[in-house]
Enquirer: 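First the structure, then my questions, so here it is.
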Number of protein chains: 2
Amino acid sequence: MDGLTIQEAADTTGWSARMLRYVERAGLVSPERTPAGYRIYGAAELQRLRTLKELLAHFDVALSDVAFAARLETDMDLRAAVQTWLRAQAVRPEHVGPDDWLRFEQLKHQRLLEVV
Amino acid sequence: MDGLTIQEAADTTGWSARMLRYVERAGLVSPERTPAGYRIYGAAELQRLRTLKELLAHFDVALSDVAFAARLETDMDLRAAVQTWLRAQAVRPEHVGPDDWLRFEQLKHQRLLEVV
DNA sequence: CGAACCTTATCACGCTCGTGTCAAGGTTCA
DNA sequence: TGAACCTTGACACGAGCGTGATAAGGTTCG
C-alpha cells in the first residue's frame with residue numbers, strides 16, 4: 001500500500017495523531033481508509049496538512065474559520081447573504097440613504113450570479 | 001439628537017443591551033457615541049442589527065464566523081491563501097499531480113488580482 | 001434634586017475548541 | 001503468537017463564546 005499511517009503522517013507533518021483525527025472531524029482533511037478502517041495519508045493529504053498548518057499559524061486563524069470559509073465556498077446563498085451584509089457595512093453611513101438597505105434582496109441575487 | 005439609546009435599540013431589534021455591547025466588541029456594529037460616551041444607534045445600525053440577527057439564525061452562523069468573513073473581505077493576503085487552500089482540496093485527488101500544489105504561490109498572487 | 005437611564009468591569013455558567021491521555025478492543029506482520 | 005500498531009470513546013482542562021446579572025459610578029431630564 002502507498003500511504004502513511006496516522007502516526008507516520010503525524011511525524012512528517014508536525015501535527016499530533018490526535019489532531020489529525022480532529023482535523024478530519026472538522027471536515028478539512030479526510031484520508032482514505034483501508035478495509036479495516038485504518039487511515040492512510042497520501043502525498044496530497046500530507047501536503048494539505050502542511051499548508052493548513054502554515055495557514056493557521058501565519059494568519060492566526062482557527063480551524064473553525066477555515067471550515068466556515070469552506071462553507072462559504074459551497075453554500076452560495078450563505079455567501080451572498082454574508083457578503084451583502086458586509087458590503088452594506090463597508091459603505092460610509094453618511095452616504096447611505098435610509099432605504100438603501102431595501103436593495104438587500106436584489107443585491108443578494110445579483111451578487112449570487114456575479115461572484116461565482 | 002436623532003438616534004436610539006442602547007436599551008431602545010435593544011427593544012426594537014430583539015437583541016439584549018448586553019449583546020449589543022458584545023456585537024460591538026466583535027467589531028460588527030459600532031454605533032456613534034455622544035460626547036459623554038453614550039451609544040446612539042441610527043437607522044443604519046438598527047437595520048444592520050436586524051439583518052445580522054436574521055443571518056445568524058437563518059444560517060446557524062456564529063458571530064465569530066461573520067467577523068472572520070469580514071477579515072477575509074479586507075485582508076487580501078489571507079483571502080487568497082484560504083481560497084487557494086480550499087480550491088486545492090476541491091479538486092478530485094485522482095486528477096491531481098503530485099506537484100500541483102507547487103503552484104501555490106503563483107495561484108495565490110494571481111487570485112489576489114483576479115478576485116477583488 | 002432624584003429617578004431613570006447610561007458607562008465599564010466583573011462573576012457566573014454552560015458550551016465549544018484545541019489538545020493530551022487513557023481504556024478497550026481490532027489489525028498487521030516478523 | 002506477540003509486540004506494535006490502529007480504531008473509537010471517554011475524561012480532563014484551560015481558553016474563549018454567548019449570555020445574564022450585578023456593582024460602582026457618570027449623565028440626562030422633568
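First the proteins, then the strands, lettered A, B, ... as listed; each starts at 1. Hydrogens, waters and symmetry mates play no part in the numbers below; they use all other heavy atoms, side chains included.
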Enquirer: Work out which heavy atom in Trp85(A) is nearest to a heavy atom in Val29(B); give both atom names and the distance.
Expert: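 Reported closest heavy-atom pair: CZ2-CG2, 4.0 Å.
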Enquirer: To the nearest Å, how far apart are Leu63(A) CG and dG16(D) C1'?
Expert: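 Interatomic distance, CG of Leu63(A) to C1' of dG16(D): 15 Å.
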Enquirer: Please give, in whole Å, the distance from dC5(D) C1' to Leu20(A) CG?
Expert: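 Spelled out: CG on Leu20(A) to C1' on dC5(D) is 15 Å.
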Enquirer: Flag yes if more than 12 heavy atoms outside Arg25(B) fall under 6.0 Å of its CZ atom; otherwise flag no.
Expert: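 Count not over threshold, so no.
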Enquirer: Between Leu56(B) (CG) and dC17(D) (P), how many Å, whole number?
Expert: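 Checked: the CG to P distance equals 15 Å.
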Enquirer: On DNA chain C, does the nearest nucleotide to Ala36(B) precede the nearest nucleotide to Arg18(B) from the 5' side, or the other way round? Give the residue.
Expert: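 Taking each residue's closest nucleotide, the earlier one in sequence belongs to Ala36(B).
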Enquirer: For the side chain of Ile6(A), starting at C-beta, report the closest nucleotide among dT7(C), dG18(C), dC6(D).
Expert: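 When the side chain of Ile6(A) is considered, dC6(D) is the closest of dT7(C), dG18(C), dC6(D).
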Enquirer: Of all the nucleotides listed (dT7(C), dC5(C), dG20(D)), which has the minimum atom distance to the side chain of Met19(B)?
Expert: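 Selected nucleotide: dG20(D).
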Enquirer: Base, sugar-phosphate, or nothing for Arg33(B), non-hydrogen atoms under 4.0 angstrom?
Expert: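 Contact class for Arg33(B): sugar-phosphate only.
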Enquirer: Counting only side-chain N and O atoms of Ser16(B), is one of them less than 4.0 Å from OP1 or OP2 of dT19(D)?
Expert: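 No, outside the criterion.
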Enquirer: Toward the 5' end of DNA chain C, which comes first, Tyr38(B) or Ser64(A), by nearest nucleotide?
Expert: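 Closest to the 5' end, via its nearest nucleotide, is Tyr38(B).
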Enquirer: Any idea which of dC6(D), dT8(C), dT19(C) is nearest the Tyr22(A) side chain?
Expert: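 Nearest nucleotide to the side chain: dT19(C).
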Enquirer: Would you name the heavy atoms of Glu8(B) and Thr5(B) that are closest together and state the gap between them?
Expert: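 Shortest heavy-atom contact: OE1-N, 2.9 Å.
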Enquirer: Determine the contact category for Ala62(A): base if any of its heavy atoms lies under 4.0 Å from a base atom, sugar-phosphate if only primed atoms, P, OP1 or OP2 are that close, otherwise nothing.
Expert: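 The answer is sugar-phosphate, as Ala62(A) gets under 4.0 Å only of primed atoms, P, OP1 or OP2.
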Enquirer: Nearest whole angstrom, please: distance from the P of dC5(D) to the CD1 of Ile40(A).
Expert: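 In whole Å, dC5(D) P lies 18 Å from Ile40(A) CD1.
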Enquirer: Using atom CZ of Arg39(A) as one end and atom C1' of dG26(C) as the other, report the distance to the nearest whole Å.
Expert: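 Interatomic distance, CZ of Arg39(A) to C1' of dG26(C): 14 Å.
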Enquirer: Has Arg21(A) got a side-chain N or O lying under 4.0 Å from the OP1 or OP2 atom of dT7(D)?
Expert: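 Checking dT7(D) against Arg21(A), a side-chain N or O does come within under 4.0 Å of OP1 or OP2.
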